[in-house]
Amino acid sequence: MEKKIRVRFAPSPTGALHIGGVRTALYNYLFAKRNGGDMVLRIEDTDSTRYVEGAEEYIIEALAWLGIKFDEGVSYGGKFAPYRQSERKEIYKKYVKQLLDEDKAYYAFDTPEFLEEKRLQTPNFQYDASTRGFMQNSLTLSENEVKNRIANGEKYVVRMKIEPNEDVLVNDLIRGEVRINSSILDDKVLWKSADELPTYHLANIVDDHLMEITHVIRGEEWLPSAPLHILLYRAFGWESTMPSFAHLPLLLKPDGKGKLSKRDGDRLGFPVFPLDFIDKKTGEKASGYREAGYFPEAVINFLALLGWNSGTEQEFFSMQQLIDTFSLERCSKSGAKFDYEKGKWFNHKYLQIKPAEELAKYLLPIFNEKYPDNPQFSIFNFQFYSKLILAIDALKERAAFPKDLFDLLLFFFVAPVDFPENDVKKRWKEETPKYLTELLSVLESIQDFDNEELAEETVKVWCEAQGYGLGNVMNPFRLTLAGEMKGPQMFVITKILGKEETIKRLRYALETLK
Ligand code: GLU
C-alpha cells in the first residue's frame with residue numbers, strides 16, 4: 001500500500017501571518033486534499049525572543065476564515081500531540097543526546113561576545129570544520145573540563161558537526177536537483193542550554209520525522225536550510241523516511257523588483273495579511289484582507305494563481321476545483337508578482353455572483369456602525385430591507401467591496417441635504433426650477449410609479465412635447481435625488497425611492513436651490 005500523504009504547515013508565531021505564508025498553507029492544503037492526505041498544524045515556537053502574543057490565535061483564525069482546514073495539530077488535536085514545539089522540550093533532548101553520543105554533534109561554550117569579535121576580525125567567519133579546532137568546544141576541551149563547565153552551570157550550545165566536502169543533493173519537486181557542497185555550511189546550533197530549547201532546524205526535522213510527514217512544502221526562503229536538514233536526516237539514520245521537498249517561489253513586489261514586504265502594502269495601500277493584527281507590545285498595526293472587505297473565496301482564488309497555473313484558460317476556481325486540479329508540477333520556479341489589482345478584480349467578480357441577500361449581511365453592520373442611533377436600518381424593517389435588496393441589485397456591478405456598495409447606495413436611504421457646488425453650477429440653470437416644477441406634476445400624475453418603463457416613457461413624452469432637452473431635465477433631476485451626479489439609471493432610482501420620496505426630494509431641492 002502507498003504511504004498516506006502527510007503535510008504540515010509549521011508557522012512560527014512571530015506576528016501576523018504574511019500573505020506568502022497563507023499561500024504556503026493553501027498549497028499544502030490543496031496538495032494534501034488532492035492526494036487524500038492529511039494536513040497538520042504545528043506551531044514552531046522555540047525561539048522565545050521572537051514570540052509574539054496572539055500570533056498563534058491569529059494564524060488559526062485566519063486560516064479558518066479562508067476555509068483551510070487541518071486534520072491534526074494545535075487546536076485540532078491528534079495522535080502526535082502536543083503539536084506546539086515549546087511543549088515538546090523533553091522529546092528534543094533525547095535526540096540531541098543521540099547526536100552527541102554518536103559524535104555527530106558537540107558542545108560549544110563560546111560566548112556571544114567572543115563570536116561577535118571573531119566575526120569582526122574575520123569577514124565571513126564560519127564556525128565549521130576549518131575553525132572549530134580553535135574554539136571553546138568539546139572537540140578542543142578535555143572531557144573533564146566539559147563536564148565541569150556544564151556542572152558549574154556554564155551556558156553552552158550544541159552544534160551539528162558538519163563534515164566538509166560532501167555533496168548534498170536536494171531533490172526539489174519544483175526546482176529539480178539542487179546540489180550544494182557541505183563546506184559552505186556552518187556547524188549550526190541545534191540546541192541551547194540557556195532555555196533548554198532546540199533551534200528551528202533540530203525541532204523541525206525531529207517533528208517532521210515523528211509526525212510522519214511525507215512532503216515538506218514551504219517558501220523558497222527555506223531552501224538554503226534544506227541541505228542541513230538532509231544532513232540531519234542522515235545523522236539520525238532516517239534517510240529512508242525523509243520527506244520530499246518542494247520550495248515555492250517567492251511572492252514579489254507588484255513591479256517584480258524584490259520580495260513583497262509589509263512596507264509595500266503600506267506604501268501602495270493594500271493588505272499583505274489575511275486579518276487585521278495589532279502587536280500588543282509594539283502597537284504596530286497590520287491590515288488584513290478580511291477587514292478590507294475581501295471575500296475569502298476571492299482571496300483563495302487570487303492566491304492560488306500566484307505561483308501555480310492549471311495549464312488552461314480557466315481563471316475562476318472554487319476551493320473544490322482547486323483541490324481537483326492542483327499539482328506541484330505546475331508550480332512555477334520563478335517568483336510571482338503580487339498583482340494587487342488582480343486581487344481587487346477577483347473580489348469584484350465574486351461580489352457579482354453573491355445574491356443581494358448575502359451582500360445585505362455585509363452591509364447591515366456598516367449601516368449600524370455609521371448610524372448607531374437609527375433603528376430604521378434593520379433587517380426587521382421590511383420597507384428598508386426590501387429597498388436595500390433592490391438598491392444592491394441596481395449597484396453591485398460597480399462595486400468591488402461591500403464598503404463601495406454601501407457608499408454607492410447610501411443616498412437611497414439618507415436624502416441629500418446639500419449639493420456639491422460644482423455640480424450645481426454645471427447642472428442648475430436659470431430655467432431648471434421651471435422644468436422641475438413641471439416635472440413634479442408629471443410625476444404626481446403617474447399612477448403605476450413602480451413601472452419604470454412607463455415612468456420613463458411618460459417623462460420623455462412630456463419633455464418632447466414641451467421641447468425641453470432631455471438632459472436639461474434629467475441632469476438636475478439626478479442631482480436632486482442622488483445629491484450628486486451619480487447613481488444608476490434614473491427610473492431605477494425613482495422606482496427604488498418610491499413616489500413619495502422622489503417627490504419629497506424634488507421639492508426639497510427646489511426650495512433649497514431656487
Ligand atoms: N517555522 C518555519 C516558518 O516559520 C517553518 C519552515 C518550514 O516549513 O520548514 O515558516
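Counting convention: from 1, in listed order, for ligands and their atoms alike.
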Student: For ligand 1, which atoms have a heavy atom of Asn204 less than 4.0 angstrom away?
Tutor: 7 (C), 9 (O)
Student: Between Trp222 and ligand 1, which part of the residue brings a heavy atom under 4.0 Å of the ligand: side chain, backbone, both or neither?
Tutor: side chain
Student: Would you mind listing which atoms of ligand 1 come within a distance below 4.0 Å of any non-hydrogen atom of Glu44?
Tutor: 1 (N), 2 (C), 5 (C)
Student: Testing Phe401, Phe316, Tyr340 for ring pair (Phe, Tyr, Trp, His ring centres under 6.0 Å) with Trp345, which one passes?
Tutor: Phe316
Student: Donor-acceptor pair, distance only, cut-off 3.5 Å: does the side chain of Arg330 make one with the backbone of Asn309?
Tutor: yes
Student: Measuring from the heavy atoms of Arg8, does anything fall under 4.0 Å of ligand 1?
Tutor: yes
Student: Any N/O of Val216 closer than 3.5 Å to an N/O of ligand 1?
Tutor: no
Student: Show every side-chain hydrogen bond (donor to acceptor under 3.5 Å, both in side chains) that has at least one partner inside residues 15-39, sequence neighbours left out.
Tutor: Lys33-Asp71
Student: Run the ring-centre check on Trp308 versus Phe326 and record whether the distance is less than 6.0 Å.
Tutor: yes
Student: Checking a contact table here: which protein heavy atom is nearest atom 5 (C) of ligand 1, and how many Å away?
Tutor: Ala10 O, 3.1 Å
Student: Mind checking what makes side-chain hydrogen bond (donor to acceptor under 3.5 Å, both in side chains) contact with Ser244, not counting sequence neighbours?
Tutor: none
